[in-house]
Amino acid sequence: MLKFGSSVLAGPQDYPVVAEMIGRKVARGSAVVAVVSAMGDTTDSLLAAARSVARILPDRLMGALLATGEEASVALLTLALAGRGVRAAGFNSWRLLIRTQGSLSDADPVAVDAAQIRATLASHDAVVFPGFVGVDATGVPSLLGRGGSDLTALFLGDALGAAQVRLVKDVDGIFPVDPRLGGGSDPHPYDGPEACPAESQNPCSRLTWAQVRAIGGGVVQSKAIDFAEDRKLDFQVTGLTGKGTRVGRPGRWEATR
């Protein structure tokens, strides 16, 4: 299970790079489920466009509008994969629904047809899935909150029993302090329990869910962290290259090294 955020898919030139990464995994015998965010600032552009045409933006209409960004991203990555000979199937929010409950703008995922995904993987090397979007019990499009593609990936990983869930970001892991906040790229000491080493130029190698939540910085959506902890789901936060940060149960990584 791989998730690629908007910062990784910043422009059309990035889809072939991601497709190459997926292609290498397929060549090694892995079946890949890729969750994608909208390209670059597409979501912000769609929000700005909506505000330019209407003063009131009903949640029941905004979900359908913003979902188009993710669906375009699915199509672009599926095209890039096909161009590299990878048999890929792209899903959209109507073809394979994540059922949600709660607020339409900040919903929680509750169900998905995992059997349909497995059946598709039986005849394809990879499937590409839109992050961030779903539908409520009445069929109205819903959103999983800002950064919701993280939650999509973790939810699908849990539903499918994925061997690995990897959230691919524009930074290679989680630093004790966000390296973009005034400190250059050097991480600063983190004084919480079981602190990770503050090694120059390197992110933490492993953290618990509680530690990631305490560090903050928005690298992983808070709802996604809560979901992973509730389900005891381990995951990784990495860049396109590198080992990144492993997140999960205390002591698990030491025991399995």
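Since the structure is predicted, the reported quantities are computational estimates derived from the model, not experimental observations. Hydrogens, waters and symmetry mates play no part in the numbers below; they use all other heavy atoms, side chains included.
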- prompt: Is any NZ, NE, NH1 or NH2 atom of the basic residue among Asp125 and Lys25 found under 4.0 Å from an Asp or Glu carboxylate oxygen of the other?
  reply: no

- request: Without swapping roles, check the side chain of Arg166 against the backbone of Gly239 for a donor-acceptor pair under 3.5 Å.
  value: yes

- line: Closest non-hydrogen contact found for Asp106 with Gly145 is OD1-CA, 3.5 Å

task: Might you point out which heavy atoms bring Gly147 and Gln221 nearest each other, and give the distance in Å?
output: O-CB, 3.4 Å

message: If we ignore hydrogens and angles and just use 3.5 Å, is the side chain of Thr245 paired with the main-chain N or O of Ile174 as donor and acceptor?
response: yes

task: Would you check if the side chain of Ser6 reaches a backbone N or O of Met39 as a donor-acceptor pair within less than 3.5 Å?
output: no

query: Donor-acceptor pair, Ser30 side chain versus Val32 backbone, under 3.5 Å?
result: no

query: Side chain of Lys3, backbone of Ser149: donor and acceptor closer than 3.5 Å?
result: no

query: Is it true that Asp150 and Lys169 make a salt bridge, defined as a side-chain N closer than 4.0 Å to a carboxylate O?
result: yes

- line: Only residue of Val128, Leu240, Val35 satisfying side-chain contact (heavy atoms from CB on, under 4.5 Å) with Phe4 is Leu240

- prompt: Does Leu9 belong to the same Ile/Leu/Val/Met/Phe/Trp/Tyr cluster as Phe129, with side-chain heavy atoms less than 4.5 Å apart forming each link?
  reply: no

statement: Residues Val135 and Pro141: closest non-hydrogen pair is CG1-CA, 4.1 Å

